Each structure stands twice: as structure tokens, then as C-alpha cells.
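Presented below is the structure to which this report refers.
Just so we're clear, the structure is a prediction, and the values are computed from it rather than from any experiment. Order of appearance sets the numbers: ligands from 1, and atoms from 1 within every ligand.
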Amino acid sequence: MKPQFHPTLVNGPLGDPAVFVDFFFERRALLFDLGEIGCLPPRKILRLSHVFISHTHMDHFIGFDHLVRICLGREKKLRLFGPPGFLDQVWHRLAAYTWNLVENYPTDFTIAATELHPDGKALEAEVHCCRGFRSEGNAAFTVTEGVLLDEEGFRVRSVFLDHKIPCLAYTLEEKNHVNIMKNRLDELGFPVGAWLAELKRAVLREEPGETPFRIWWRENGRVAERWMPLGDLRSRVLRVVPGQKITYVTDAVYSPENAEKIVALARGADYLFIEASFLHEEAERAAVKCHLTAHQAGEMARRAGAVRVTPFHFSPRYTGMEELLTREMEEAFAGNVSLSAEYADEPRYPEHFS
Ligand SMILES: [Zn+2]
Ligand SMILES: [Zn+2]
């Protein structure tokens with residue numbers, strides 16, 4: 001199966017958090033978190049359609065100005081998602097600059113920002129470059145089961161974690177992946193063509209099996225066609241397999257509630273990006289700073305049954321010793337060690353998180 005998404009950690013494990021998810025079959029990309037993104041080439045930044053921000057601690061949001069600067073003067077709409085207070089923060093960042101000349105630009109760069117709340121309420125507003133980025137009225141709506149984006153091929157879901165403030169973790173789930181069995185097509189005498197894309201779409205939309213489906217192609221200057229029930233066609237020429245899943249988890253204290261949410265969100269992920277800020281010998285420091293240890297990250301990845309795990313957001317104190325964190329995470333992921341009973345039963349985190 002050809003993967004549709006290609007995720008990469010933008011700055012390596014010690015740098016600011018940001019995971020760039022490139023699309024293989026489209027000039028498009030998504031970004032999880034917006035730390036420094038200066039090392040991303042502008043052509044990649046310009047592919048971004050949606051940016052999902054966990055929270056607005058500086059290391060997760062400092063790339064905003066760079067992003068706006070690259071997109072200015074382009075006909076482009078960018079959608080941003082963030083935690084409570086996010087709309088004001090976006091407008092304040094924009095209000096820090098003078099925009100008297102942009103109204104003459106022939107293009108209109110638009111930012112649509114959505115502020116999410118733990119109770120499922122959301123606020124959305126847009127600003128336009130051609131109107132000097134003045135905030136224009138909020139729309140309120142409710143997010144169901146954390147689903148922020150639900151497109152034909154994939155969806156993005158979020159959950160709130162506790163980081164002493166609400167902090168969002170995200171997962172990108174490709175819907176079922178439809179493969180065409182070329183040999184079966186040949187057996188039926190159906191040539192490849194535009195009808196196959198329509199067939200894939202009909203199957204992904206889960207249209208009823210008895211729906212008549214038109215197979216058509218051009219032959220000797222005229223259109224030839226056959227009709228078959230969708231279900232027959234599906235079983236004879238397609239193979240439907242589960243799609244890719246990419247989960248992004250950062251900045252969370254280790255608590256039973258957070259652990260359950262993280263494990264559920266990352267269940268079966270093909271790629272799990274998870275913060276591993278401290279070695280487990282510094283578990284108390286990690287708890288005070290509301291971060292995970294490498295051991296906790298690996299343990300949750302193992303419980304989630306993730307296929308691959310990329311630890312990141314290492315504390316700068318481990319510069320030159322990154323290998324220690326990676327190894328600790330990998331050992332827990334492989335199940336070679338487990339949390340001490342004392343720690344597992346009664347995590348030591350400060351009272352205000354309980
Ligand atoms: Zn933080
Ligand atoms: Zn952070």
C-alpha cells in the first residue's frame with residue numbers, strides 16, 4: 001500500500017516542537033505545533049492548509065510570525081486550531097505589526113482561527129490581509145468527539161490533556177485505503193480511467209452495495225459503458241485496507257487521566273510522536289514541570305500498540321545525551337522494564353493537578 005502521509009519532526013528531538021505531515025498525492029501539508037519553523041523551506045510552508053497547535057507556550061507558537069510572513073502576498077487560506085484564549089492570542093500577534101500597505105495587495109491571504117474548549121465549545125473567526133487583518137466576528141459551534149476536520153480521505157481528532165493548562169493532543173486518521181487490483185480489472189476487460197477515482201470515492205462514502213455503478217471509457221472515438229452493482233465491483237476489483245494513523249502528543253503531566261487519554265488517542269498509531277522531556281530518574285522534576293519522562297512515553301506507546309514512536313521535546317539539559325532518553329523510551333516501548341508498582345499506582349504529581 002502506498003502511504004498517503006509522510007510525517008517528519010521539523011527540528012529534531014531537542015528543538016522546538018513541530019511535526020510536518022506532507023501529502024504524497026497532493027500539494028498539501030498539515031502541521032502539528034508551531035515552534036520555530038525557519039528550517040522548513042518556503043515551498044513546504046506554502047503547502048500548509050491546517051496548523052494544529054497544542055497550546056501557546058512560546059516554544060509551540062513562536063513560528064507564527066514566520067508562517068504569516070511566508071504566506072503574505074499569496075492567495076491562500078490557512079486554518080489554525082488552538083486552546084482556550086487562542087483567538088485573542090492570534091489577533092494580538094497580528095496587531096503587533098502595522099498593516100497599512102497590505103490593503104493594496106492583489107491577493108488575499110486569509111487566516112481562519114478556531115479556539116477549542118474542553119467542554120466541546122469552539123469559536124471561529126477569520127481575518128483577511130486585504131482588510132488589514134482586523135478580526136471579523138466570531139462564530140460559535142460545538143465539536144463532537146473532538147473531530148476538527150472530516151474530509152473524504154481522512155479526519156483529525158483532538159483531546160485535551162492536563163499541562164496545568166489545557167493542552168491539545170491530535171491524531172490524523174486516514175479513512176480506509178482503497179487499492180485497485182489491476183489483474184482483476186484486466187480479467188473483466190475494464191480499462192483504467194477516471195471511473196476508478198469515482199469508484200474509490202463511492203466506496204469510501206460507504207454507499208449501499210446495490211447502488212448501480214457506471215464503468216466507462218473511450219473506445220474508437222466514442223464512450224463505452226457497463227453497469228455493475230457497487231458491492232460486486234468492490235469485492236471483485238478493490239481491496240480495502242485500514243488507512244494510516246499519525247498521533248501527536250506533547251506537554252502533559254503524567255496522571256492516570258492523561259495516560260488513559262493518550263493511550264486511547266494513540267491506539268494502533270502507525271506513527272506516534274510523543275514528548276519525552278526527562279529521564280525517569282527525574283520523574284519528580286518532570287511532574288512539577290508538567291512533562292512526561294521518556295519511560296512514561298515509551299510505556300504509553302507500548303500500551304497503545306503504536307507501530308513506531310518518535311520521542312521529542314527533550315529538555316536542553318540532555319544536550320549531547322539524547323541517546324539516553326531515546327534508549328529509555330525504547331526499552332519501555334519494548335516492554336523490557338515497567339513502571340515501579342509504587343509509581344504506577346500512585347503517580348506523584350503536585351496536588352493542583354488532581
Ligand atoms: Zn508547555
Ligand atoms: Zn513545550
Of all the N, O or S atoms in His57, which has the shortest distance to the Zn ion (ligand 1)?
ND1
Report whether any nitrogen, oxygen or sulfur of His313 sits less than 2.8 Å from the Zn ion (ligand 2) (N, O or S, backbone or side chain).
yes
So that I can check it, does any N, O or S atom in His55 come closer than 2.8 Å to the Zn ion (ligand 1)?
yes
Within the 3.5 Å criterion, strictly below it, is a donor on His291 or His163 matched to an acceptor on the partner's side chain?
no
Are Glu210 and Pro229 side-chain neighbours, meaning at least one heavy-atom pair lies under 4.5 Å?
no
With rounding to the nearest 0.5 Å, note down the distance linking CD in Glu322 to CG in Leu14.
4.5 Å
Exercise: do Glu323 and Thr326 side chains pair donor with acceptor under 3.5 Å:
no
How about His291: does one of its N, O or S atoms come closer than 2.8 Å to the Zn ion (ligand 1)?
no
Output the atom name for the N/O/S atom of Asp251 with the smallest distance to the Zn ion (ligand 1).
OD2
Opening angle between NE2 in His60 and OD2 in Asp59, taken at the Zn ion (ligand 2), to 10 degrees:
90°
Just by distance, with hydrogens left out, do His55 and Asp33 show a side-chain donor and acceptor under 3.5 Å apart?
no
